[in-house]
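Notes follow once the structure below has been shown.
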Amino acid sequence: MELSKSYEAADSESKWYAQWLEHKLFSSQPDDREPFTIVIPPPNVTGELHVGHVLNNTIQDIFIRKARMQGKNACWVPGTDHASIATEARVTAHLKSLGIEKADLSREEFLAHAFAWKEKYGGIILSQLKMMGASCDWDRVNFTMDEHYYKGVIKSFVELYDKGYIYRGTKLINWDPQALTALSDEEVYFKEVNSKLYYVNYLLKDNQNEFLTVATTRPETIFGDTALCVNPEDERYKHLIGKSAYVPIINRQIPIISDDYIEIGFGTGVLKVTPAHDKNDYALGEKHKLRSINILNPNGTLNSEGKHYSGKDRFIVRKEIAKELESLGMLNKTEDIQNSNGYSERTHVVVEQRLSPQWFCDMKKMAGPALEAVDNGSIRLHPAKFANTYRHWMENIRDWCISRQLTWGQQIPAWYLADGQIVVAETAEVALEKAKRLNNNSTISIDDLRRDPDVLDTWFSSWLWPIEVFEGISNPGNADINYYYPTQVLVTAPEIIFFWVARMIMSGYEFLQEKPFEDVYFTGIVRDELGRKYSKSLGNSPDILKLMEKYGADSLRFGILIAAPAGSDTLFKESLCDQGRHFINKIWNALKLIKMWEDGGKIAETGDSAQVEPIRWFENTFQKKLEEIERFYADFNLSEVLTNIYSLIWDDFCGSYLEMIKPYNEDKIAVSTYQATIRFFEELLKLLHPFMPFITEEIWHQLKDRAEIDFCTIAHYPVYSGYDEPYLRESEKITDLIAKVRTMRNEGGISPKVPFKLYIQAENSQPYRDWEKQIRQLINITEVEYNGYNEGNFRRLIIKGDEVIIPFEEEIDVESEIRTLNEELEYTRGFLESVNKKLSNERFVQNAKSEILEKERQKKSDAEEKIKAIEDSLKRLN
RNA sequence: GGGUUGUUAGCUCAGUUGGUUUAGAGCACUGCCUCGACAAGGCAGGGGUCAUCAGUUCGAAUCUGAUACGACCCACCA
């Protein structure tokens with residue numbers, strides 16, 4: 001069959017993916033083999049593939065594919081996350097566009113709409129993962145709102161409640177005024193912003209002509225002020241402690257208290273205390289038994305405490321109240337300052353502190369074993385530096401606010417009785433039984449129980465992911481969880497180390513008394529070529545689908561992996577995909593060359609001993625590189641793995657080996673050489689397969705006829721078996737000779753087409769004799785003569801300690817010849833001197849390891865030989 | 001404020017416990033080459049006082065300290 005001129009990625013990719021699925025190559029069931037399990041970090045069900053997903057999922061695919069080829073039972077579990085805030089917002093907006101208000105719907109109706117929406121639009125990302133070549137077990141797709149998953153989350157809640165870890169309490173929490181829900185500390189991010197510092201005057205009760213000036217960034221919160229506070233040591237204000245002042249506008253009388261929390265030098269040294277809207281103020285309020293006045297509605301507008309500002313948004317009030325204060329003469333001045341504000345991770349609006357009753361989970365007990373696991377290396381983080389970050393967070397862990405005022409999510413399994421009693425149970429029926437027992441009253445009916453309307457934080461379901469995808473909580477002790485858990489590698493972004501990774505470790509030990517995974521590989525952040533994060537607002541995100549269409553999934557995978565150094569960010573640009581495409585083209589052309597031999601009858605039945613050396617050389621080179629590649633894999637350094645495979649294929653196989661064995665003119669290639677070449681090609685395809693699954697599968701099949709189930713995807717991965725280092729060093733003489741002759745031709749302007757004769761002066765000429773055929777072929781040599789010294793003004797090259805003489809028909813420039821040799825002589829002498837300096841240093845000879853000493857001696861004798869050869873050459877020239 | 005981390009060629013990065021040459025790769029750049037796999041290519045070449053200073057050592061890109069600039073994380077700011 002005629003090969004096409006170039007590789008057609010689109011056809012090949014859809015063809016092979018379909019075949020892989022048809023033959024169930026990605027499916028996994030427990031068996032006798034060693035399991036190798038990865039659970040995907042579940043993308044939001046609303047999500048679409050972006051460049052970060054490509055990096056993350058390609059890495060997982062590489063690990064999974066390699067493990068599969070190494071004979072392990074590879075299982076990659078895919079799925080999506082219900083992402084309660086994001087999805088609820090999307091569904092609500094969608095309904096609105098249809099003229100339906102969420103407020104008009106019952107809980108059940110809304111959920112029905114949400115599930116319908118999810119069925120229709122959700123999970124696009126999973127089909128996009130397939131386009132990327134991800135070898136997930138698609139029979140195991142999980143969703144965090146699946147029936148078993150929902151049940152597992154509820155069960156875990158009840159279990160933790162019964163243990164006393166989960167409790168209900170009224171605390172100051174982070175409030176998202178747009179999503180109208182509580183948030184955990186992790187869902188708030190801080191950003192430096194330009195803002196104004198307002199200096200507001202508070203009149204003193206005792207002397208209505210005097211005032212205290214308070215510097216605040218939030219003048220709209222004065223309605224919630226319940227004290228002023230100064231440092232007890234502050235000489236300016238000492239006499240006022242215990243007195244009172246009036247809040248401007250509303251003229252409420254508030255006490256002036258003291259606390260050493262106040263920094264004398266900061267602002268005016270006077271703090272207005274607003275316990276309902278600030279964490280530190282809240283603490284002060286508790287300590288000094290102050291009133292707490294909530295001035296905000298849930299949506300961020302002021303409530304009736306805000307008097308004539310009631311109903312207006314906090315930011316509008318801030319501007320208006322400044323004007324009013326100014327008109328009243330109570331605004332001393334304003335200053336521009338930089339301060340940091342907390343924003344909602346989901347809606348990106350400024351978060352408010354709000355006092356409200358919520359559900360919390362006490363994490364302190366769970367943190368113990370989780371911290372221990374990372375400290376003692378039972379779980380390894382890559383790069384290891386993240387262990388410090390992890391430890392710091394774990395040691396300072398705070399209670400987790402797990403309730404959300406939303407509908408889309410697992411509803412909290414808590415029921416309230418009329419008197420405020422709380423019953424927590426997996427179902428209403430069990431809750432009723434518990435309520436009856438609790439009150440010793442069998443007349444309580446289901447109607448007396450009111451279920452908490454709130455749902456759980458999405459992360460309260462995600463933290464069970466490695467367990468519940470195998471139904472380890474809803475159906476404990478089943479065959480899957482016993483076989484696949486703990487999983488092997490987790491590949492994720494460092495941003496969610498606290499959100500997710502740390503919590504999975506805690507839940508693993510809490511629910512299964514076992515770690516969830518052995519290694520955690522943190523990818524870097526993918527940035528554009530200017531080092532900026534990809535973001536919607538910058539509009540710099542590449543369209544992944546277009547890139548795949550243009551370059552193919554393999555090239556995209558190549559592009560993103562080659563630029564992803566271990567432990568730091570990835571700078572991505574489209575030209576990297578181009579490099580991937582060039583690479584594919586190179587491999588394709590190697591295939592074409594080999595096919596040409598077959599089709600052109602270039603294969604000879606008889607053996608050819610002249611091709612023994614290239615085969616031996618490549619075998620050793622391959623093994624040497626394989627050793628390095630395995631080392632980089634062990635270090636999770638995938639870009640270096642790929643770089644090495646790339647150069648092994650491009651430089652060593654195509655650039656050197658194929659050129660060495662390529663039949664010229666009427667020559668033929670021995671069938672043994674041909675078979676060795678096919679074998680090498682196969683080994684290379686296997687090495688590359690985890691990175692570029694499609695092109696390798698395509699060539700795997702083009703290379704020879706195969707049985708129906710013979711796929712590169714399940715071929716046996718190459719095994720390192722050692723190599724002959726002295727042999728490889730010896731053959732450097734040949735590559736050195738070839739390169740030097742080419743350089744000489746280049747510099748002398750002598751065309752590669754001009755053939756010439758070679759004289760080689762060498763103590764041991766055997767290596768040159770073994771490679772003579774290749775030498776003649778690669779640098780166009782008509783004849784090689786050994787140790788037959790030739791008089792005359794000829795070019796001389798020094799190969800290690802050997803001398804190579806090239807006679808030309810034309811005159812050569814003796815002067816430049818001498819100059820070149822002198823330069824080399826000078827360099828080598830300098831080098832020898834540095835070696836001698838070391839060797840004549842007694843302390844070096846005494847202290848250095850014997851192998852290093854040996855190396856230095858080898859360097860010395862090499863350099864001396866070389867100097868002698870150069871000097872001989874110079875003598876003959878003079 | 002606490003912590004982590006970085007600074008090596010024009011760009012992106014390697015450089016293993018200090019000693020494989022007087023520091024490497026890819027991309028970019030320069031020259032030559034359409035020669036029967038491949039111009040999406042081949043062959044060759046130029047380019048770095050390893051951020052700065054001091055120290056340890058027989059020996060430092062590598063270890064220590066300081067300085068400069070940068071990145072990130074946590075806490076937090078009236």
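Within every chain, numbering begins at 1; the chains are lettered A, B, ... in the order of the sequence lines, protein sequences first and strands thereafter. Every value quoted in this text rests on a predicted model; they were computed, and no experiment measured them.
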* Heavy atoms under 4.0 Å, any strand shown: does A:Phe498 hit a base, just sugar-phosphate, or nothing? -> sugar-phosphate
* OP1 or OP2 of B:G2 sitting under 4.0 Å from any side-chain N/O of A:His392? -> no
* Pairing nucleotide - B:A44, Watson-Crick or G-U, each distance under 3.5 Å -> B:U30
* Asked: Paired with B:G24 by Watson-Crick or G-U wobble geometry, both distances under 3.5 Å: which nucleotide is it?
  -> B:C13
* To do: Determine the contact category for A:Arg391: base if any of its heavy atoms lies under 4.0 Å from a base atom, sugar-phosphate if only primed atoms, P, OP1 or OP2 are that close, otherwise nothing.
  => nothing
* To do: Scan A:Lys662 against the nucleic acid and name what it touches under 4.0 Å (heavy atoms): base, sugar-phosphate only, or nothing.
  => base
* Length of the NZ-C1' vector between A:Lys279 and B:C76, whole Å -> 10 Å
* Pick base, sugar-phosphate or nothing for A:Ile262, based on heavy-atom distances below 4.0 Å to the nucleic acid. => base
* With P as the reference atom in both, quote the distance from B:G42 to B:A9 in angstrom, rounded to an integer. => 26 Å
* To do: Please state how far atom CD in A:Glu627 lies from atom C1' in B:U16, giving the value in whole angstrom units.
  => 12 Å
* **Touch class at under 4.0 angstrom, heavy-atom based, for A:Cys229 against every strand present** => nothing
* **Pairing partner (Watson-Crick or G-U wobble, both distances under 3.5 angstrom) of B:C69** => B:G6
* What is the distance from CG of A:Asn396 to P of B:C73, rounded to the nearest Å? -> 18 Å
* To do: Could you tell me whether A:Asn388 contacts a base, only the sugar-phosphate backbone, or nothing, with contacts defined as non-hydrogen atoms closer than 4.0 Å?
  => sugar-phosphate
* Asked: Over how many whole Å does the gap from A:Glu598 atom CD to B:G36 atom P extend?
  -> 21 Å
* Asked: A:Asp281 has an atom CG; how far is it from atom C1' of B:C76, in whole Å?
  -> 13 Å
* Does B:G36 have a Watson-Crick or wobble partner in any strand here, with both distances under 3.5 angstrom, and which is it? -> none
* To do: Return yes if a side-chain donor-acceptor contact under 3.5 Å exists between A:Gln338 and A:Asn194, otherwise no.
  => yes
* Structure fact -> Whole-Å distance, A:Ile699 CD1 to B:C38 C1', equals 12 Å
* **Within the 6.0 Å centroid threshold, strictly below: A:Phe386 and A:Tyr390** => no
* Asked: Taking the six-membered ring for Trp, are A:Tyr674 and A:Trp597 parallel (under 30°), tilted (30 to 60°) or perpendicular (over 60°)?
  -> perpendicular
* Asked: Partner of B:G1 by Watson-Crick or G-U wobble geometry, both contacts under 3.5 Å, or none?
  -> B:C74
* To do: Looking at every strand, decide which applies to A:Lys586 at a 4.0 Å heavy-atom threshold: base, sugar-phosphate, or nothing.
  => base
* Asked: Of A:Glu186 and A:Ser6, whose closest RNA chain B nucleotide lies nearer the 5' terminus?
  -> A:Ser6
* Check: A:Ser12 side chain, A:Glu8 main-chain N or O, donor-acceptor pair, under 3.5 Å -> no
* Contact class for A:Ala739 vs. all strands (heavy atom < 4.0 Å): base, sugar-phosphate, or nothing? -> sugar-phosphate
* Structure fact -> Whether each nucleotide of nucleotides 21-33 of chain B has a protein heavy atom under 4.0 Å at its base (B), only at its sugar-phosphate (S) or at neither (-) is summarised, 5' to 3', as BB---SS---B--
* To do: Measure from CD on A:Glu640 to C1' on B:C13 and round the result to the nearest Å.
  => 8 Å
* Asked: At under 4.0 Å between heavy atoms, what does A:Ala563 touch on the DNA or RNA strands: base, sugar-phosphate, or nothing?
  -> nothing
* To do: Assign A:Arg218 to base, sugar-phosphate, or nothing according to its heavy-atom contacts below 4.0 angstrom with the strands shown.
  => nothing
* To do: Rounded to the nearest angstrom, tell me the gap between atom CG in A:Asn589 and atom P in B:G36.
  => 14 Å
* Asked: Per the side-chain contact (heavy atoms from CB on, under 4.5 Å) rule, which among A:Val270, A:Ile256, A:Val230 passes with A:Leu240?
  -> A:Ile256
* Asked: So what does A:Glu659 hit on the nucleic acid, given a heavy-atom distance under 4.0 Å: a base, only sugar-phosphate, or nothing?
  -> base
* Of A:Glu495 and A:Leu571, whose nearest nucleotide on RNA chain B comes first from the 5' end? -> A:Leu571
* Asked: Heavy atoms under 4.0 Å, any strand shown: does A:Glu725 hit a base, just sugar-phosphate, or nothing?
  -> nothing
